[in-house]
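Below you will find the structure I want to go over with you.
The figures that follow rest on heavy atoms only: side chains count, while hydrogens, waters and symmetry mates do not. Residue numbers count from 1 along this sequence.
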Amino acid sequence: MVPPPEVRRRVRRLGSTRRGSAESRQPKGAAAVRTLVVGMAYTVHTVPVEDFPVAYQRVRDVPITTSVGGSGFVVARTLAGYGNEVFLAAPLGEDAAAATVDAAAYRYGVNSAMSPRTLTRSPRAVVLEDRHGHRLVNRDVGEAPATRVELDLGALATSDLLVVDGVLPAEALITGARTVGVPVAVGLGRTSAPPMLEQQPYLAADLLCLRVGPVVDELELLATWRQRSAARLVVLTLGERGALGATADSTEVIHVPARDLGPGPRPAGLGATYFATLAHFVFARGCAPGEAMEYAAAAAAWTVAHPGTPDGLREGVVQEAAAVTDPAAREPAAPTDGLAQAP
């Protein structure tokens, strides 16, 4: 049963006491940012296998683990770890999978009371993972990507930041946030083309973070999104090659190489961790674009080097990781001509 609005507002005011308050997780003297995250969250059942392709066996006795993933959940968890007061609005149903999401959110200090419970069944995934760390992800998201999360202006007006997972339709939320003067950060997935019609609402965001698609002119793609959006900062992540950034008031390209803080397979949700860290240091700490991108790169590298310990990612940890001398960070960036001549 969905709690009535007055109950949800009360829960929202109270927040979560799990793992300490937001104030106890943030650096001394730093203010917590009241953040509303709208995005996907789902249960993940991981089944170990020896190798791919998987050999047929009628019955296998293996340790099956259950966790919670989805880009929206990872963003919310990461922002809460930095000491922010975080509310997650993710499309869910009223079933055991939704209860698992709620329990995981509570564990990480995220309030999930704003998540609509309108789906017939909550999203879920089954992952086969071999001994080398290769993963085969089987997702059942149903109607979730087409679900519109509806929040009143009061919920938006009392937030300091709206963070949107580009998987969900969010034009009304972005318009509402802009109306009440709340900054918006949008994380988009793999992108290899100029903004499409359905992506037009995202162009009103203050921060855009995109992942580069295959066979694309990266500088032209970055320039196009920068020129067609109102964003103060547009970031294009390049995986192991780092990230490119462009601001609204300059044609200079910011290049921040990826950092290497240790070996490890690429974990699920690494891009969401980068995006959440970028948004935190831009909006909560007021860092310059290049500095915020450095912190985001350090957070991603730390996550790779510390698999299975997402609750260990704190602001102080990221700052220490960013201070580590990284040979890759000293390599000169590929020369560019800036964005002045881009379309």
Side-chain angles (χ1 to χ4, degrees), residues 39-54 65-79 81-82 104 108 123 125-139 141 165-167 187-192 209-216 218 235-245 255-280 292-314 317-318 321-322 324 326-329 331:
M40 292 288 293
Y42 47 79
T43 56
V44 179
H45 304 287
T46 302
V47 182
V49 298
E50 281 295 315
D51 291 290
F52 292 109
V54 179
T65 60
T66 300
S67 59
V68 174
S71 49
F73 182 84
V74 174
V75 167
R77 181 188 69 199
T78 303
L79 288 171
Y82 294 151
Y108 291 110
V126 176
V127 177
L128 305 183
E129 184 171 9
D130 72 6
R131 55 198 172 99
H132 307 292
H134 301 136
R135 295 159 57 90
L136 173 61
V137 181
N138 306 270
R139 294 193 307 174
V141 296
D165 179 356
V167 173
L188 299 175
R190 192 179 296 275
T191 307
S192 56
C209 187
L210 308 86
R211 184 158 53 101
V212 69
V215 193
V216 63
E218 296 156 0
V235 173
L236 182 64
T237 61
L238 312 174
E240 295 180 353
R241 294 183 292 121
L244 299 176
H255 178 213
V256 175
R259 300 178 63 88
D260 181 11
L261 297 184
R266 179 187 175 95
L270 188 61
T273 300
Y274 181 100
F275 169 52
T277 305
L278 180 69
H280 171 75
M293 291 170 65
E294 291 279 4
Y295 284 129
W302 188 93
T303 302
V304 171
H306 299 81
T309 55
D311 51 348
L313 192 61
R314 295 287 186 266
V317 169
V318 173
V324 173
D326 181 18
E331 295 178 359

### Task
Could you pull out the closest heavy-atom pair between Gly70 and Tyr42, with the gap in Å?
CA-CE2, 3.6 Å

### Summary
Rounded to the nearest 0.5 angstrom, the OG-CZ distance for Ser192 and Arg211 is 11.0 Å

### Query
Can you tell me how far CE of Met293 sits from OG1 of Thr277, rounded to the nearest 0.5 angstrom?
13.0 Å

### Query
What's the spacing between Glu218 CD and Leu210 CG if we round to 0.5 Å?
12.5 Å

### Smallest separation among heavy atoms of Val68 and Ala104, with atom names
CG2-CB, 3.5 Å

### Message
Please find the pair of heavy atoms, one from Thr237 and one from Ala243, that lie closest to each other, and give the distance.
### Response
CA-CB, 4.0 Å

### Task
Specify the closest pair of heavy atoms between Gly239 and Ala258, including all atoms of both residues, with the distance to one decimal.
O-CB, 3.9 Å

### Summary
Value for CG (Leu188) from CZ (Phe275), rounded to nearest 0.5 Å, stands at 8.0 Å

### Message
Is it the case that the side chain of Arg131 and the backbone of Glu50 share a donor-acceptor pair, with hydrogens and angles ignored and the cut-off at 3.5 Å?
### Response
yes

### Rounded distance [0.5 Å steps], CG in Asp51 versus NE2 in His134
9.5 Å

### Query
Does CZ belonging to Arg139 count more than 12 external heavy atoms closer than 6.0 Å?
no

### Query
If we only count heavy atoms from C-beta on, is the Asp311 to Arg77 side-chain gap below 4.5 Å?
no

### Closest approach of Val141 to Pro123 (non-hydrogen atoms, all atoms of both residues)
CA-CB, 4.0 Å

### Query
Do you know which two heavy atoms are closest between Arg190 and Gly213, and how far apart they sit?
CG-CA, 3.4 Å

### Task
Using side chain to side chain contact (heavy atoms under 4.5 Å, CB included) as the criterion, point out the one residue from Thr303, Thr273, Val74 that pairs with Pro267.
Thr303

### Query
Thr66 side chain to Val44 main-chain N or O, any donor-acceptor pair under 3.5 Å?
no

### Reported CZ-to-CZ distance for the pair Arg135 and Arg266, which is rounded to 0.5 angstrom
11.5 Å

### Task
Kindly assign one of parallel, tilted or perpendicular to the pair His280 and Tyr82, based on the angle between their ring planes and the thresholds 30° and 60°.
tilted

### Message
Is the ring pair Trp302/His306 parallel, tilted or perpendicular, if the boundaries are 30 and 60 degrees?
### Response
parallel

